[in-house]
Every structure is written in structure tokens, then in C-alpha cells.
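Let me begin by presenting the structure, written as C-alpha cells, before commenting on it.
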Amino acid sequence: MSTDFNNGNTHSSKQSANSSKASAYLKAIAQDNSLPIEQSALDLWLKDLQNPLRWGIRPLLQFIFAVLLHIIWFFKRLPLPQFSAHVSLQKLICWFCTHFVSREANLLILRHYATESNILNFLAANSPDANFKPVQLYPKSIAQMQQASFVDHDQELFRLFAELGPWHHPAKPLAKAKLNWQHWQPIDMAEFQFTEKRSQWLDFESAHALFMCLFCLLLTREEYRDAINGFNLDQSIARRIGDLVGAPNLTEMAYNKYPHYLVGPWNLGQRFLMHGFFTEHLYTYLEQLRQSSKDSD
């Protein structure tokens, strides 16, 4: 039971693709539906790409914060007393998002909570002999991220994998009618609550360059090491869901791979971004599968 990546996903990104400011390449990728992605997410990303500060300020910020990150990481790995400040970390991030991060980047962050929570709940609900607590991280505003923190976001992933235990590859995929969508919450962009400020100008990747330094500073070395390696479970998630729905090529969506090989903060910005793309692609694939299952009933 395999559903093509581009099944039912026709892009007509009029706002972004037809913009006179968009380059020929941006107009091309606005029409590329080879990998599934919801139109709302694509429009947000294309607009973020055209943020002028992304091309002028971001390279400098990424260089400065990458150097700072490795300095912090060096001291964190020394045999010194460890400390963490989860509440302060999340308050700083939410304050920064409220005042300086662009509308597009904030909405992409809120979408990421929902896409990953849906994917994990779908995996758990359809896994054999699964006894699990559903992930409940679906913030609708920056303020709600005070409770649904980035640390919780990582820890829920690790908790769920531990609860599911070793993966037993099913002999055959589940029939569409037997797929369990009990905990699935389709994303409705109208539900996101957002008040735009004139000071919100920072693009997605520039904002992350700052966040990654705060994470390293305000988590213990073990917590931070786990967080930056959690992306590598993308391949495992894709492999397991591919087994369940009969689509082994889902692993091609995963840029981050081989979870048993632990990595440091090198190239963290790109790995983080590609993790976000992975959850958007896989969420859209599964939502298309859910819709096709409803249509065939």
C-alpha cells in the first residue's frame, strides 16, 4: 500500500512564485511538488527566503554564533559542575520570538510542534503492542510555548521511542482501513494566534543561530548532546512508518540519519533546518494518506 510523494499535492504558490521579487529558482521550487509539503508551509518558507536580512545579516550572525557555540560546548564538556535553566531558556526564546522573530519564522516553529507530534502519535498508535502516552505538544501561540517547551519537544521524542521498544518489522503493511488516526490533529493555520509587531524582522535561520547558543548554555552537556542528536532519529521514524504504510522510500525524506553515531554541534543549523523539512514532508504525506483513506470509505 504505497502512496506517491506527490499524490494530491498540487502547488500553485501564486503569492510567492508570481512575485516580481522572486528569482527564477524560487519561482521554480514554488511549483515543485516532488516532495509533499502543504501550501501554507511552502508559502511561509518562500517568503522567509526573500527576507533581505537573511542574505545580508544571517551569514555574519551564523559565523559569530557558530564560534560562540563551539566555545560554550568546549567549556560544557570540561569536568565542571553542570547546570540547566529550562524555564529561563524558554522564557528567553518566547520573548525573543514575540519581539524580534518574523511572522513567517514563528508560524513555521508552531507548525513544527504540530507536524512532529502528529507523526510520533501516528507511529505509536499503529505500532504493534504499543502501550503509550500520546504526545500533547500542539501550541497555538508563542505564549503557549511557555508550557510546551523546546526541551519537552525533545524529551517527548525520546520518551516515546523508549516506550515503543525495539522495532519488529511487520510482515506486510497495514491496510488503509486499519490505520489508526485516533490522535491525529490536522493543522489549521487559522487556529494559530499571532500578533505581528514592527520589530519582528529576523528570519528563521538567523533566529536559530541565536537559539542554539542559548540551548548549549542553559542545558546540561548530556541534555544538549541528546537534543542535537535527536534529529538523527528521523531516519528511524521514516523507516518505521514506511514499514507500516508500505512506503520504504520514505527514508529518502530524512537528511539526518544513523542515530547510533553521535555528533557534535558542527553543521547544526543545516541539520536543524532539514529536520524541520523532514517533519513537514512526512506530515503532509500522512495527511494525504488520511484524506485518501476517507475518500475510499
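Side chains are part of it too, since the values below use all heavy atoms of this structure and drop only hydrogens, waters and symmetry mates.
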Mind checking whether F272 and F204 have parallel, tilted or perpendicular rings, split at 30° and 60°? parallel

Between R159 and E156, is there a salt bridge with N-O shorter than 4.0 Å?
yes

I'd like to check L282 versus D234 (side-chain heavy atoms, cut-off strictly below 4.5 Å). Are they in contact? no

Note to self: Would E38 and E287 count as a side-chain contact (heavy atoms from CB on, under 4.5 Å) here? Give the steps.
What the structure shows: CA-CA 10 Å; E38 286 198 336; E287 175 62 9; 4.3 Å; yes

A148 meets the side-chain contact (heavy atoms from CB on, under 4.5 Å) criterion, sequence neighbours left out, with Y113, L137, P139

Scanning both residues in full, the closest heavy-atom pair of K197 with Q200 reads N-OE1, 2.6 Å

For S292 and L289 the tightest heavy-atom approach is OG-O, 2.8 Å

Would you be so kind as to tabulate the donor-acceptor pairs closer than 3.5 Å made by side chains of residues 257-266, with sequence neighbours excluded?
none

Rounded to the nearest 0.5 angstrom, the CG-CD distance for L35 and E252 is 8.5 Å

Original post:
Quick one: does P36's side chain get under 4.5 Å of M253's, heavy atoms only?
Top reply: yes

Flag side-chain contact, heavy atom, 4.5 Å: Q288 against Q291: no

Between C213 and L69, is there a side-chain heavy-atom distance shorter than 4.5 Å?
yes

Self-check item: pair F215-I228: side-chain heavy atoms closer than 4.5 Å
Solution: no

Correct closest heavy-atom pair for C97 and I109 would be SG-CD1, 4.3 Å

To the nearest 0.5 Å, atom CG of L53 lies from atom CG of L60 at 12.0 Å

Flag side-chain contact, heavy atom, 4.5 Å: F278 against F231
no

Less than 4.5 Å apart, side chain to side chain, heavy atoms only: is that true for L244 and L123? yes

Interatomic distance, CG@L268 vs SG@C216, rounded to 0.5 Å, equals 9.5 Å

Check your understanding: Going hydrophobic residue to hydrophobic residue with side-chain gaps under 4.5 angstrom, can you get from I119 over to Y138?
Key -> no

The side-chain contact (heavy atoms from CB on, under 4.5 Å) partners of A66 (sequence neighbours excluded) come to none

Residues at least two apart in sequence or cross-chain that pass side-chain contact (heavy atoms from CB on, under 4.5 Å) with S102, listed by chain then number, are D48, E104, A105

In short, N256 meets N232 closest at the heavy-atom pair CB-OD1, 3.5 Å

Interatomic distance, CH2@W181 vs CG@L286, rounded to 0.5 Å, equals 5.0 Å

Note to self: For L46, is there any backbone N or O sitting under 3.5 Å from a side-chain donor or acceptor partner on Q50?
What the structure shows: yes

With clusters defined by side-chain heavy atoms of hydrophobic residues (ILVMFWY) lying less than 4.5 Å apart, directly or transitively, does W167 cluster with I237? yes

With ring centroids as reference points, do W184 and Y283 lie under 6.0 angstrom apart? yes

Taking every heavy atom of W45 against every heavy atom of E205, the minimum-distance pair comes out as CH2-OE2, 4.0 Å

Any chance you could lay out the side-chain contact (heavy atoms from CB on, under 4.5 Å) test for S236 and F161, step after step, and finish with the verdict? CA-CA 10 Å; S236 300; F161 257 74; 4.0 Å; yes

Run the salt bridge (Lys or Arg N to Asp or Glu O under 4.0 Å) check on E222 and R225 step by step: do they pass?
-> CA-CA 5 Å; E222 288 79 12; R225 179 204 61 200; 5.5 Å; no

side-chain hydrogen bond (donor to acceptor under 3.5 Å, both in side chains) test vs T279 passes for just one of N118, T115, T284, namely T115

On a heavy-atom basis, the closest approach of R58 and S206 is CB-OG, 3.1 Å

Show me, pair by pair, the donor-acceptor contacts under 3.5 angstrom made by side chains of residues 72-95, not counting sequence neighbours?
| from | atom 1 | to | atom 2 | distance (Å) |
| --- | --- | --- | --- | --- |
| K76 | NZ | F83 | O | 3.4 |
| K76 | NZ | L217 | O | 3.0 |
| K76 | NZ | L219 | O | 2.6 |
| Q82 | OE1 | R221 | N | 2.8 |
| Q82 | NE2 | K76 | O | 3.2 |
| Q82 | NE2 | L80 | O | 3.4 |
| H86 | NE2 | E223 | OE1 | 3.2 |
| H86 | NE2 | E223 | OE2 | 3.1 |
| Q90 | OE1 | F150 | N | 3.2 |
| Q90 | NE2 | M145 | O | 2.9 |
| W95 | NE1 | H99 | NE2 | 3.4 |

Worksheet item: Do the side chains of F96 and F194 join up, straight or via other hydrophobic residues, at under 4.5 Å, putting them in one cluster?
Response: no

The reported gap from CG in L44 to CG in L108 (rounded to nearest 0.5 angstrom) is 5.0 Å

The reported gap from CD1 in I241 to CG in N126 (rounded to nearest 0.5 angstrom) is 8.5 Å

Exercise. With a 4.0 Å cut-off, would you call E280 and R111 a salt bridge?
Worked result: yes

Test log, rule side-chain contact (heavy atoms from CB on, under 4.5 Å), inputs F122 and H183: CA-CA 7 Å; F122 175 84; H183 303 289; over 6 Å; no

Sorted by chain and residue number, the side-chain contact (heavy atoms from CB on, under 4.5 Å) partners of R239 (sequence neighbours excluded) come out as H169, D243, T251

Same cluster or not: F158 versus L120, using hydrophobic residues (I, L, V, M, F, W, Y) connected whenever any side-chain heavy atoms lie under 4.5 Å apart?
yes

Query raised in the report: Taking side chain as C-beta onward, heavy atoms only, is Y285 less than 4.5 Å from V245?
Result: yes

